[in-house]
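For reference, the structure discussed in these notes is given below.
Bear in mind the structure is a predicted one, so any value in this text is a computation, not a measurement. Each chain gets a letter, A, B and so on, in the order its sequence line appears, and its residues count up from 1.
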Number of protein chains: 2
Amino acid sequence: MESHPPPGGHSVRTRSQHQRRKRIVQAAAALASRGGVEAMQMRTVAERAGVALGTLYRYFPSKMDLVVAVVGEEIDLLESSIERRPPGATTPASRAVDVLMRATRGLMREPELADALIRSLILAEVQTPFGDRMTGLLLRVAADGLTLEDAREDQIDLAGSLSSVWVQELLEMLRGRRTYDQIQRRIEAAAARLFADI
Amino acid sequence: MESHPPPGGHSVRTRSQHQRRKRIVQAAAALASRGGVEAMQMRTVAERAGVALGTLYRYFPSKMDLVVAVVGEEIDLLESSIERRPPGATTPASRAVDVLMRATRGLMREPELADALIRSLILAEVQTPFGDRMTGLLLRVAADGLTLEDAREDQIDLAGSLSSVWVQELLEMLRGRRTYDQIQRRIEAAAARLFADI
DNA sequence: TCGCAAACTAGAACAGATTCTAATAGCTGT
DNA sequence: ACAGCTATTAGAATCTGTTCTAGTTTGCGA
């Protein structure tokens, strides 16, 4: 239910705790990229990361928290990729499409992981930074550096909507009900309209 | 994972099997409309429906299948209500908004059940007719009688996108992260753009 | 260095979904 | 009435997420 404050409660996370946390997330990601969430069993993750089950639960109070952490890393990758090579298209809508399709291709590379992560996140009871981060990324890229704080409410609404459309399309694709081209067409259509006057 | 063919495998479902199935679904719905999915425990459902656990699993191979069945009944209600009293607004976009907000209010009445509904929709492996039905309903209502078969692909895309936005907003609401008014604002903004030239 | 609080560990315990088993009940065709 | 089949039942068993326990290790301020 909670996010994941460092174990101690009040103090700063030490280096070794940071390492441990990282090892756990990596082990989890490795397992998930094979058999999906069900292969990512808490006992197995703990074993693989070389920590006790209780320790795993100290770092990640629930499996969902762990999933969220794994997803967080994926988004980090996307963000740094965008930073490294920003979309060069000329309209806000096409820059947004660029980002989303790049993310789509990234996730397609590990379909099991993607499927597991997307599903879990959508079902998550916990507050996940996922939606907000994607929304912020879209705004930044579409409206040239606009941040979530500076954006007008209606701009946030529209970026959020585009993000929703994308997530749903991604899910459909992972279910085998959409091709990459279909997603692209739909995202382009939605972005062109939603971001027309952003 | 599977749909739910009648127990026997090949033969027609008998009356008593039909009754049994119905009792199970009713018991499940009753439990879910209180504590949500977690209150709807398989043992409890079986007990409440007066069948053995094994029998419950013969009818519904997984809890999700049971949820989907419960949800199916709710969707029927929703659709027939909308057909009984069609939205009277003047623009396609506002008729679509009308439908979606009516559905929203309907679902708000049983939040626990709604939560289960939306979640199951999103993660169902099985093809739930819901997405298509909602898309079709939106098209029909917005473009005055247009059916899924007659619609152009781009129209279906846009209606599908609006449906995605709605589902995501609904989920956020059920998580307590959106108010009704926020949803309305977002749906109106999205519909106005997506359905502008439908 | 001492001592304490927090972190860690192995493993048992618990909970709820799902599966399995052995036995019984009910129907169908002969 | 009988044989053979499927449905059903009670209950045990299994699997995995989560919690709990009791004891050990570690970091660190006095």
Side-chain angles (χ1 to χ4, degrees), chain A residues 1-2 4-24 27-28 31-32 34-70 116 119-120 123-126, chain B residues 1-2 4-24 27-28 31-32 35-70 116 119-120 123-125:
Chain A
M1 265 152 217
E2 264 298 285
H4 20 252
H10 59 79
S11 67
V12 177
R13 193 179 304 152
T14 73
R15 174 156 358 282
S16 80
Q17 281 172 344
H18 183 82
Q19 289 302 323
R20 200 177 291 257
R21 190 190 161 80
K22 203 165 148 191
R23 275 222 317 286
I24 292 174
L31 287 165
R34 304 202 159 284
V37 250
E38 53 269 24
M40 178 179 139
Q41 298 183 6
M42 297 303 264
R43 286 174 174 85
T44 317
V45 171
E47 185 184 338
R48 193 98 153 208
V51 300
L53 188 56
T55 303
L56 172 52
Y57 270 93
R58 175 186 294 280
Y59 281 79
F60 301 97
S62 79
K63 182 170 179 171
M64 187 55 60
D65 289 280
L66 184 50
V67 170
V68 167
V70 172
R119 273 168 200 269
S120 306
L123 296 186
E125 294 278 355
V126 294
Chain B
M1 267 150 217
E2 263 299 284
H4 19 252
H10 58 81
S11 67
V12 177
R13 193 181 303 154
T14 72
R15 175 155 357 282
S16 80
Q17 281 172 342
H18 183 82
Q19 290 303 322
R20 199 176 291 257
R21 190 190 160 80
K22 202 164 148 190
R23 274 222 318 287
I24 292 174
L31 287 165
V37 253
E38 53 268 25
M40 181 179 136
Q41 298 183 5
M42 296 303 264
R43 285 179 225 274
T44 318
V45 170
E47 185 184 339
R48 192 97 152 210
V51 301
L53 188 56
T55 303
L56 172 52
Y57 270 93
R58 175 186 295 278
Y59 280 80
F60 301 96
S62 78
K63 183 169 180 172
M64 188 52 64
D65 289 280
L66 182 51
V67 171
V68 168
V70 170
R119 281 164 196 268
S120 73
L123 68 59
E125 291 277 354

So how far is it from [X] [atom1] to [Y] [atom2], rounded to the nearest 0.5 Å?
X	Y	atom1	atom2	result
B:Q41	B:K63	CD	NZ	6.5 Å
B:H18	B:R20	NE2	CZ	13.0 Å
A:R23	A:Y59	CZ	OH	9.5 Å
B:I24	B:R48	CD1	CZ	14.0 Å
B:M42	B:L56	CE	CG	4.0 Å
B:L66	B:R21	CG	CZ	9.0 Å

Can a side chain N or O of [X] be found less than 4.0 Å away from OP1 or OP2 on [N]?
X	N	value
A:T55	C:dT9	yes
B:R20	D:dA7	no
B:Y59	D:dT8	yes

What one should report as the nearest heavy-atom pair of A:F60 and A:A69 is CE2-CB, 3.6 Å

Can you name the closest pair of heavy atoms from B:A27 and B:V45 and give their distance?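 Answer, listing the atom of B:A27 first, then B:V45: CB-O, 4.1 Å.
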
What is the distance, rounded to the nearest whole Å, between atom [atom1] of [X] and atom [atom2] of [N]?
X	N	atom1	atom2	value
B:R43	C:dG16	CZ	P	8 Å
B:Y57	D:dA12	OH	P	17 Å
A:R58	C:dA10	CZ	P	14 Å
B:R21	D:dT8	CZ	P	12 Å
A:L53	D:dG17	CG	C1'	9 Å
A:L56	C:dT9	CG	C1'	13 Å
A:K63	D:dC15	NZ	P	16 Å
A:R23	C:dC8	CZ	C1'	12 Å

Starting at the 5' end of DNA chain C, write a dot or bracket for each base, bracketing those in Watson-Crick or G-U wobble pairs whose two distances are under 3.5 Å and using | for partners on another strand. ||||||||||||||||||||||||||||||

Could you pick out which residue, A:Q41 or A:G54, lies toward the 5' side of DNA chain D when each is mapped onto its nearest nucleotide? A:Q41

Near DNA chain D, under 4.0 Å by heavy atom, which residues of residues 44-51 of chain A?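 Going residue by residue through residues 44-51 of chain A, none turns out to have a heavy atom under 4.0 Å of DNA chain D.
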
Side-chain contact test, heavy atoms from C-beta onward, threshold under 4.5 Å: evaluate it for B:E47 versus B:L53 and give yes or no.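 Not in contact.
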
